[in-house]
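Notes to accompany the following structure.
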Amino acid sequence: MTKIKVMISAGGTGGHIFPALATASKIKELHPESEIQFVGAEGKMEMQKVPAAGYPITGLPVMGFPRKPSLKIITFFKMLIKAMRRARRIVKDFEPDVAAGFGGYASGPVLRVAGKKNIPYVLQEQNSYAGITNRMLAKKASKICVAYDNMDKYFPAEKIVFTGNPIRSALLNISESKKEACHNFGFNPDKPTVLVTGGSQGARSLNEAVYKNLSFFEENGIQLLWQCGSLYFKEFTSRLGYQVSDHIHLTKFIENMNFAYGCANVVIARAGAGTISELCVVGLPSILIPSPNVAEDHQTHNAKALADKGAAVLLPDNEAAQKLPEKLKPIIEDQKVAELMQTQLKTFARTDADEKIAKEILKLAGVE
């Protein structure tokens, strides 16, 4: 079996990291003689998550492009110059046969260097609205793996491969019963449970919307599995104080999402591509509250793709605190509403995305 080298750039959020790790695992399964090197952003969560999964990673000094005019623009370009230098050295030292970018600040420098060295690379565009970085990188990309229809608005049609978004492999076969999953959080399996997640770091406005409606959850006998994020855990633990009861489980991060999805009847979440892909596969009705603080408002586009088909409810961020109860109540109380959403979700579910992307990467490395 021919040995090949694959360089993967991904990071910043779980929505970029978990699909990259799922694909890396599938590459190793399909072609065990694959050596995989990750590249991420210094100080970001990939620097812990990737080594924990058993892969080496090197960090680049990168940051996001400032959206408002400020002196940060100077810092951005200084860091970009350093990142490009380091990316050139990393690529030269590793000598990859193929590269792949799953999003995150490190993808730009790594794939630009790969393109200049004529190293073939795959782009994975997770969202329904392509960001400016991927649109620029598309010019030299060999293949572009997408998760939504009509992406030829942004990319050359001949390069597009519809794959869907990879999700954590453990979620493909959730074997835990609702009773077992609920007991893991101290919940009653006979009562409705709502899972709230704003990502690993958390989301201020989403947390505030839940906090302001705590009386609604209690009055309606709804259990609350609340991942508030690492940035807000201490604050909301303090604010809840005596209100913490057997119907609220507040946590900064949920490691085992099998149990979380297994006990939930409804999910309240941001509309990142990774979250949406997971919800489609596990088939959970959701209220999606897109973040207003992301590039090109891509989360609204993601949520709208589902909401337009009746697969989810889209709730604008600035209306979340006021309208959350009225959006949630019909899903909890009317089984037909929930079942219709579950049926529509199945049309979006993709369970073999990791394999499809892995095969595209291996093909470019000369492995059929």
Side-chain angles (χ1 to χ4, degrees), residues 10 12-23 102-104 124-131 134 145-151 154 162-172 174 194-203 205-206 227 229 254 257-258 260-261 264-317 320 327-328 331 338 340-354 356-357:
T13 66
H16 296 308
I17 299 164
F18 296 132
L21 286 172
T23 303
F102 286 77
Q124 204 251 329
E125 175 54 66
Q126 296 153 1
N127 298 295
S128 61
Y129 184 92
N134 270 1
C145 298
V146 303
Y148 292 89
D149 294 325
N150 304 315
M151 295 303 285
Y154 311 109
F162 187 90
T163 59
N165 286 324
I167 66 169
R168 287 171 273 195
S169 57
L171 300 177
L172 294 173
I174 296 179
V194 171
L195 167 63
V196 179
T197 171
S200 55
Q201 293 186 317
S205 55
L206 194 152
Q227 179 183 287
I254 301 170
M257 288 301 291
N258 285 32
Y261 287 137
N265 298 88
V266 184
V267 179
I268 300 170
R270 286 303 199 198
T275 297
I276 286 180
S277 296
E278 291 186 354
L279 292 174
C280 291
V281 170
V282 299
L284 278 172
S286 60
I287 296 174
L288 300 174
I289 305 174
S291 171
N293 306 312
V294 294
E296 290 105 3
D297 196 26
H298 67 257
Q299 287 200 6
T300 295
H301 292 276
N302 293 346
K304 194 172 185 301
L306 266 65
D308 285 350
K309 299 285 188 180
V313 173
L314 194 166
L315 180 57
D317 188 78
K327 299 293 185 183
L328 181 58
I331 309 173
L340 179 61
M341 293 176 76
Q342 289 172 322
T343 300
Q344 293 301 105
L345 279 167
K346 288 177 184 176
T347 66
F348 289 90
R350 298 289 180 271
T351 59
D352 59 351
D354 56 349
K356 286 182 176 179
I357 297 170

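Between Pro166 and the choices Thr23, Thr351, Leu21, Asp352, the side chain to side chain contact (heavy atoms under 4.5 Å, CB included) rule is met once, by Thr23.
Asp354 contributes atom CG, which lies 10.5 Å from atom NZ of Lys356 (distance to the nearest 0.5 angstrom).
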side-chain contact (heavy atoms from CB on, under 4.5 Å) assessment of Leu206 paired with Thr197 | CA-CA 8 Å; Leu206 194 152; Thr197 171; over 6 Å; no
Steps toward side-chain contact (heavy atoms from CB on, under 4.5 Å) verdict (Leu306, Cys280) | CA-CA 9 Å; Leu306 266 65; Cys280 291; 4.1 Å; yes
What's the verdict on side-chain contact (heavy atoms from CB on, under 4.5 Å) for Arg350 and Phe162, showing C-alpha distance, side-chain angles and the deciding distance?
-> CA-CA 10 Å; Arg350 298 289 180 271; Phe162 187 90; 3.1 Å; yes
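Using a 4.5 Å heavy-atom cutoff, the side chains of Phe348 and Ile276 are not in contact. The shortest side-chain heavy-atom distance between His301 and Tyr148 does not fall under the 4.5 Å cut-off. When side chains are defined from C-beta on, Leu314 does not count as touching Asp308, because their heavy atoms never get closer than 4.5 Å. When side chains are defined from C-beta on, Leu195 counts as touching Met257, because their heavy atoms get closer than 4.5 Å. Between Gln342 and Pro285 there is a side-chain heavy-atom pair separated by less than 4.5 Å. The shortest distance between side-chain heavy atoms of Arg270 and Leu288 does not fall below 4.5 Å. Using a 4.5 Å cut-off on side-chain heavy atoms (C-beta onward), Tyr154 and Asn127 make no contact. You'll find the side chain of Val313 reaches within 4.5 Å of the side chain of Ile331, heavy atoms only.
Side-chain polar atoms of Gln126 and His16 form a donor-acceptor pair below 3.5 angstrom. Side chain to side chain, Glu278 and Tyr261 meet the donor-acceptor criterion of an N or O pair below 3.5 Å.
Although no hydrogens or angles enter the test, the distance criterion places no donor-acceptor pair under 3.5 Å between the side chain of Asn165 and the main chain of Ala147. Although no hydrogens or angles enter the test, the distance criterion places no donor-acceptor pair under 3.5 Å between the side chain of Gln344 and the main chain of Gly310.
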